[in-house]
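Taking it in order: structure first as structure tokens, then the write-up.
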Amino acid sequence: LDSFFGSVLKKILENKGNTKADRRKKALLTELSQAFVEAAPNNQLEFLFKIIKPQLSDTDAKIQKKSYQVLERLCTKEEYLNSHLDELKEVLISSLSASKAAAKKNRLRCLRYVVHALPGDPMQQLFQNNATISSSEVLAEIIVCVKELNKAAREEAFKLLTTISERCAIHYEDSSHFIQLVCAGLAGTTPHMISATVMALTRIVHHLRDQLSPEFTESLYQTVLI
């Protein structure tokens, strides 16, 4: 099994994707590699991660989507996730500008796995090692995803937002902290961003409704109306 998986990895690595047929084959091989993640030894998982890392920014939507599916499978392995948190944070943040609509669902799931595993404040922990992309940019990406055409991607965006809100509430002992960060989206330059922010706030406030004071809820309501 190990030798067969090794041959699959080698074929992915050697495939330069120069033609349409090559890119299709590369996407299929990347998809096939998922089947080996559960039983593969650590050295092969390390090799697999190195192979898919640049593919997360591939211009071919299918290759990128399959690569995020592999990354998601890696994130489901608790031991691998905890031992590679910094690398996973870095790759998920650095690939932000290149992420395509087809890969959003799996990308958001990967972020949710990472957020679950992070100690302390997830917003601070998620971005402290990357100065080139601000937390507001990644948060804006998540918020905008609540209006994705793909229903599964929309639901993943909502799940990720509620997960971050829960973690922030535990860390700060204040359920309003993350909501205030999300409110910044109301100052967006496009109607699409503003409406996405309203939808995100609606879901988060409903999720945390038993933890929010009536005063804060009323203040938030007035802010949204303005």
Side-chain angles (χ1 to χ4, degrees), residues 1-117 126 133 138 141-142 144-160 163:
L1 189 63
D2 288 354
S3 60
F4 182 60
F5 185 33
S7 68
V8 171
L9 295 178
K10 184 179 179 182
K11 288 177 181 178
I12 298 173
L13 190 62
E14 292 175 346
N15 190 320
K16 304 303 179 184
N18 295 326
T19 67
K20 187 175 181 178
D22 286 342
R23 291 191 294 273
R24 185 165 55 248
K25 184 177 180 181
K26 191 170 189 176
L28 289 171
L29 288 168
T30 301
E31 182 178 26
L32 176 62
S33 69
Q34 294 181 62
F36 298 91
V37 169
E38 200 60 41
N42 287 333
N43 64 316
Q44 287 191 321
L45 293 181
E46 294 290 343
F47 190 29
L48 175 61
F49 180 68
K50 288 180 181 178
I51 289 174
I52 66 162
K53 189 175 178 179
Q55 293 183 186
L56 297 173
S57 299
D58 201 287
T59 56
D60 187 294
K62 187 165 285 189
I63 291 176
Q64 186 182 121
K65 178 182 179 180
K66 299 305 179 185
S67 299
Y68 270 110
Q69 288 175 347
V70 173
L71 188 65
E72 181 189 341
R73 187 64 66 89
L74 289 171
C75 287
T76 62
K77 294 177 68 70
E78 186 175 354
E79 183 180 347
Y80 185 90
L81 176 64
N82 291 327
S83 62
H84 292 77
L85 265 179
D86 286 341
E87 291 174 89
L88 291 167
K89 284 191 296 181
E90 181 184 349
V91 73
L92 285 168
I93 294 171
S94 63
S95 60
L96 169 63
S97 61
S99 63
K100 296 187 177 295
K104 291 290 186 184
K105 178 185 72 175
N106 301 101
R107 173 177 166 78
L108 291 166
R109 281 180 181 167
C110 291
L111 278 166
R112 187 152 57 91
Y113 278 115
V114 169
V115 167
H116 265 301
L126 194 56
I133 298 177
V138 181
E141 179 208 12
I142 300 169
V144 168
C145 282
V146 305
K147 295 198 72 174
E148 278 288 324
L149 293 176
N150 183 284
K151 181 180 178 181
R154 294 198 302 271
E155 282 304 312
E156 284 302 325
F158 282 127
K159 286 179 183 178
L160 178 55
T163 297

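Only a predicted model underlies this, so the values are computations on that prediction, with no experimental measurement involved.
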- [ ] Evaluate side chain to side chain contact (heavy atoms under 4.5 Å, CB included) for L45 paired with K77, printing each intermediate quantity in order.
- [x] CA-CA 11 Å; L45 293 181; K77 294 177 68 70; 3.7 Å; yes
Gap between atom [atom2] of [Y] and atom [atom1] of [X] - 0.5 Å precision:
X	Y	atom1	atom2	result
K89	C110	NZ	SG	15.5 Å
E155	N150	CD	CG	10.5 Å
D60	K65	CG	NZ	12.0 Å
T163	Y113	OG1	OH	11.0 Å
K50	L13	NZ	CG	11.0 Å
I12	K66	CD1	NZ	12.5 Å

Which atom of [X] lies closest to which atom of [Y], heavy atoms considered:
X	Y	value
L29	K11	CD1-CB, 3.8 Å
L48	S33	CD1-OG, 3.8 Å
R23	N18	NH1-O, 3.9 Å
N106	E72	ND2-OE1, 2.7 Å
Q44	D2	NE2-O, 2.9 Å
Q64	A103	OE1-CB, 3.6 Å

TODO: Mark yes when over 12 heavy atoms from residues, nucleotides or ligands other than K62 sit less than 6.0 Å from its NZ; otherwise mark no.
DONE: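 Result for NZ/K62: open.
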TODO: Go through the steps to decide whether T76 and R73 satisfy the test side chain to side chain contact (heavy atoms under 4.5 Å, CB included), and finish with yes or no.
DONE: CA-CA 5 Å; T76 62; R73 187 64 66 89; 4.1 Å; yes
Task: Contacts of type side-chain contact (heavy atoms from CB on, under 4.5 Å), residue N82, not counting sequence neighbours - done: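 Here the qualifying residues are E78, A117.
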Task: C145/R107 under side chain to side chain contact (heavy atoms under 4.5 Å, CB included): CA gap, chis, key distance, verdict - done: CA-CA 11 Å; C145 282; R107 173 177 166 78; over 6 Å; no
Open item on the list: Enumerate the ring pair (Phe, Tyr, Trp, His ring centres under 6.0 Å) contacts for residues 60-95, please, sequence neighbours excluded, ordered by first and then second residue.
Closed with: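 Residue pairs with at least one partner in residues 60-95: Y80-H84.
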- [ ] Before accepting this row, confirm whether a basic side-chain N of the pair E148/K104 lies closer than 4.0 Å to the acidic partner's carboxylate O.
- [x]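 Not counted as a salt bridge, because no side-chain N and carboxylate O are separated by less than 4.0 Å.
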Open item on the list: Between D22 and K25 (salt bridge meaning N to carboxylate O under 4.0 Å), is one present in this structure?
Closed with: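 Looking at D22 and K25, the cut-off is not met.
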Open item on the list: Which residues pass the ring-ring contact (aromatic ring centres under 6.0 Å, His included) test with F158, not counting sequence neighbours?
Closed with: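 Applying ring-ring contact (aromatic ring centres under 6.0 Å, His included) to F158 gives none.
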Tell me if a side-chain donor or acceptor on [X] pairs with a main-chain N or O of [Y] at a distance below 3.5 Å.
X	Y	value
S99	L96	yes
R154	L149	yes
R109	E156	no
K100	A61	no

Open item on the list: Quick check: do L71 and L88 have side-chain heavy atoms less than 4.5 Å from each other?
Closed with: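 In short, these two side chains touch, coming nearer than 4.5 Å.
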TODO: Apply the side-chain contact (heavy atoms from CB on, under 4.5 Å) test between L9 and each candidate in F47, F4, F36; give the one that qualifies.
DONE: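 Only match with L9 under side-chain contact (heavy atoms from CB on, under 4.5 Å): F47.
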